[in-house]
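Structure first, then comments.
As a basis for the values below, the full set of heavy atoms in this structure was taken, side chains included, without hydrogen atoms, waters or symmetry mates. Nothing here was measured: the structure is a model prediction, and the numbers come from that model. Order of listing sets the numbers, starting from 1, for every ligand and every atom in it. Position 1 is the first residue of the sequence; numbering continues from there.
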Amino acid sequence: MNANSSSRIPVALTIAGSDSGGGAGIQSDLRTFAFHCVHGTSAITCITAQNTVEVRRVDAMPTEAVVAQIQAVVEDIGVQAVKTGMLLNQEIISAVAQQLEALQIANLVVDPVMVSRTGAQLIDDQAVSTLCHALIPQAAIITPNRYEAEILSGLEIDSLEKMRLAAQIIHQNLGTKAVLVKGGGMQGNLRGVDIWFDGQRWETLTTKQVDTKNTHGTGCTLSAAIAANLALGKDLWSAVQQAKQYVTTALTYSLNIGKGQGPVGHFFPLLQNSAEKDNSL
Ligand SMILES: Nc1ncnc2c1ncn2[C@@H]1O[C@H](COP(=O)(O)OP(=O)(O)OP(=O)(O)O)[C@@H](O)[C@H]1O
Ligand SMILES: Cc1ncc(COP(=O)(O)O)c(N)n1
C-alpha cells in the first residue's frame with residue numbers, strides 16, 4: 001500500500017456514546033481501530049459528560065441523527081465490521097437494529113453496555129428487551145460483562161462454572177452466533193478470565209489479573225478490537241483471541257489520570273517502537 005492508495009483499507013463503524021473523559025465509548029473505539037490500522041467511522045448515539053469519577057449528564061442524540069450518521073457512512077464509504085456500545089434507549093436501539101438488518105452486516109459485535117464502571121446506568125430499563133429481541137439476534141458475537149450477563153441470563157454469576165452456564169443460556173435464548181462473558185467484574189484471578197461459547201464449544205480465555213485501578217474502557221476496547229480484527233478479515237475466534245491480547249496489554253499500559261478510575265492505554269505500540277529506537281541508538 002502506498003501513501004495514496006485507499007482501495008484496500010479496512011473500515012469499521014462504531015455506534016456508541018461519546019465519553020468526554022476520553023476513556024470509553026466512541027473515543028476509545030476510534031483509538032482502538034486506529035491502532036489496528038483500520039479506518040474508524042462513527043455514529044454517535046448520545047453525549048455523556050463524564051470523567052474518571054462519574055457520569056454527570058447524558059444527552060441523547062435525536063434518533064434520526066443516529067440513522068443519518070449510519071447511512072452517510074455506509075452509502076459512501078462502506079464498512080467491513082460494526083460494533084455497538086452505549087445505545088441508551090429503546091427508540092435508538094430499534095432504529096439501529098432496523099438499519100443493520102437492512103444492511104445485512106455479517107461482522108456485528110454487540111457490547112450490551114448497561115452500567116458504567118463508576119456505577120451510572122447507561123441504558124433505560126425498557127430498552128433491554130429491545131436490545132435482546134431486535135439487535136442481539138443479528139450479532140456475530142455479544143460481549144456482556146458480569147453484570148450484563150446476569151441480566152441477560154437471569155443467573156447470579158459468582159464462579160467460572162456460572163460464567164459458562166450464563167454463556168450457554170444467553171446463546172440459547174438470544175440467537176447470537178457466539179457469546180463472550182467477560183470476567184473483569186469477578187473477584188481475584190477470575191478478573192482476567194473470559195468465557196467463549198458458540199453453541200458447540202466453550203473456551204476459556206485466561207490472562208493474569210493486571211493489578212490496576214485504571215480499567216475504564218476495557219469492555220469498549222475489547223469489543224472494538226474484535227470488530228477491527230473482523231474488518232481485517234480474521235475469523236471470529238482469532239479476532240477474539242487477538243483482541244483479548246490487545247486489551248490485556250492496554251491494561252498493562254493504563255493511564256493514571258484523573259482522581260478516579262483512569263482509562264486503559266493505547267500508546268503501547270508507539271512506546272514499544274520508541275523503546276526499540278532508543279535501544280538501537
Ligand atoms: N484487572 C484485570 N486484569 C486482567 N484483565 C482484566 C482486568 N479487568 C478487566 N479485564 C479484562 O478486560 C476485558 C473487559 O472486561 P470487563 O469485564 O472489565 O468489561 P466491561 O465491564 O464491559 O468494561 P468497561 O469498563 O468498558 O465497562 C475482559 O477481557 C476482562 O477479562
Ligand atoms: C459513552 C460510554 N460508553 C461506555 C461506557 C462503559 O465503560 P466503563 O464501564 O468503563 O465506564 C461508558 N462509561 N461511557
Task: Proximity to ligand 1 by part of L251, non-hydrogen separation under 4.0 Å - done: side chain
Open item on the list: Please list, in number order, the atoms of ligand 1 under 4.0 Å from a heavy atom of G185.
Closed with: 17 (O)
TODO: For ligand 1, note which part of T218 has a heavy atom under 4.0 Å away: side chain, backbone, both or neither.
DONE: both
Open item on the list: Looking at ligand 1, is there an atom of it that comes within less than 4.0 Å of some heavy atom belonging to T248?
Closed with: no
Task: Non-hydrogen atoms of D19 and Q27 that approach each other most closely - done: N-OE1, 2.8 Å
Open item on the list: Donor-acceptor pair, distance only, cut-off 3.5 Å: does the side chain of Q69 make one with the backbone of I44?
Closed with: yes
Open item on the list: Quick check on A24 - does any of its heavy atoms sit under 4.0 Å from an atom of ligand 1?
Closed with: no
Open item on the list: As an exercise, identify every atom of ligand 1 less than 4.0 angstrom from a heavy atom of G192.
Closed with: 4 (C), 5 (N), 31 (O)
Task: Distance, nearest 0.5 Å, that separates OG of S129 from CD of Q90 - done: 6.5 Å
Open item on the list: Starting from atom 22 (O) of ligand 1, what is the nearest protein heavy atom, named by residue and atom, and what distance separates them?
Closed with: K182 NZ, 2.8 Å
Task: ligand 1 N/O within reach of G184 N/O, cut-off under 3.5 Å - done: yes
TODO: Can you figure out which of G219, P263, A225, C220 has its heavy atom closest to atom 24 (P) of ligand 1?
DONE: G219
Task: Flag, side chain of D76 to backbone of A72, donor-acceptor distance under 3.5 Å - done: no
- [ ] Find out if a path of hydrophobic residues (ILVMFWY) with successive side-chain heavy-atom gaps under 4.5 Å connects V115 to V53.
- [x] no
- [ ] To the nearest 0.5 Å, tell me how far Q261 CD sits from N256 CG.
- [x] 11.5 Å
Task: By salt bridge (charged side-chain N to carboxylate O under 4.0 Å, His left out) - contacts of R57 (at least two apart) - done: D59
- [ ] Rounded to the nearest 0.5 Å, what's the gap from OG1 on T130 to CD1 on I136? Could you check?
- [x] 10.5 Å
Task: Shortest protein contact, atom 18 (O) of ligand 1 (heavy atom only) - done: R117 NH2, 2.7 Å
TODO: Measure the acute angle between the ring planes of H266 and Y246, then classify it against the limits of 30° and 60° as parallel, tilted or perpendicular.
DONE: tilted
Open item on the list: Show the nearest heavy-atom pair for residues N145 and K182, with the distance to one decimal.
Closed with: N-CE, 3.6 Å
Task: For atom 31 (O) of ligand 1, closest protein heavy-atom neighbour - done: D194 OD1, 2.7 Å
Open item on the list: Does the structure place the NZ or CZ of R164 under 6.0 Å from the centre of the six-membered ring of W196, at an angle of no more than 45° from the ring's axis?
Closed with: no
TODO: Using distance alone, decide if ligand 1 has a nitrogen or oxygen within less than 3.5 Å of any nitrogen or oxygen in R146.
DONE: no
Open item on the list: Does ligand 1 come near enough to R191 that some N or O of the ligand is less than 3.5 Å from an N or O of the residue?
Closed with: yes
Task: ligand 1 N/O within reach of H216 N/O, cut-off under 3.5 Å - done: no
Task: Distance from atom 21 (O) of ligand 1 to nearest protein heavy atom, with residue and atom - done: N145 ND2, 2.9 Å
- [ ] Go through the side-chain N and O atoms of S116 and T118 and say whether any donor and acceptor fall under 3.5 Å apart.
- [x] yes
Open item on the list: According to a hydrophobic-cluster definition based on side-chain heavy atoms being under 4.5 Å apart (Ile, Leu, Val, Met, Phe, Trp, Tyr only), do I170 and I151 belong together?
Closed with: yes
- [ ] Say whether, by atom type as modelled, one donor and one acceptor occur between the side chain of D194 and the main chain of G183 under 3.5 angstrom.
- [x] yes
Task: Close-contact set for ligand 1 against G217 heavy atoms, below 4.0 Å - done: 25 (O), 26 (O)
TODO: Step by step, work out the salt bridge (charged side-chain N to carboxylate O under 4.0 Å, His left out) result for R201 and E203.
DONE: CA-CA 7 Å; R201 68 182 214 277; E203 294 284 351; 2.7 Å; yes
Task: Check: V210 N/O within less than 3.5 Å of ligand 1 N/O - done: yes
Task: Atoms of ligand 1 close to T215 [distance to a heavy atom under 4.0 angstrom, numbered from 1] - done: 25 (O)
Nitrogen or oxygen contacts under 3.5 Å, ligand 2 side and protein side:
unit_1	atom_1	unit_2	atom_2	d
ligand 2	9 (O)	R117	N	2.9
ligand 2	10 (O)	H216	ND1	2.9
ligand 2	10 (O)	G217	N	2.8
ligand 2	11 (O)	R117	N	2.9
ligand 2	11 (O)	H216	ND1	3.2
ligand 2	13 (N)	Q50	OE1	2.7
ligand 2	14 (N)	Q50	NE2	3.1

- [ ] Give the numbers and elements of all ligand 1 atoms closer than 4.0 Å to a heavy atom of K208.
- [x] 4 (C)
Open item on the list: Hydrophobic cluster membership, with links at side-chain heavy-atom distances under 4.5 Å among I/L/V/M/F/W/Y: are V55 and M114 in one?
Closed with: no
- [ ] Return yes or no for this condition: an N or O of Q209 is under 3.5 Å from an N or O of ligand 1.
- [x] no
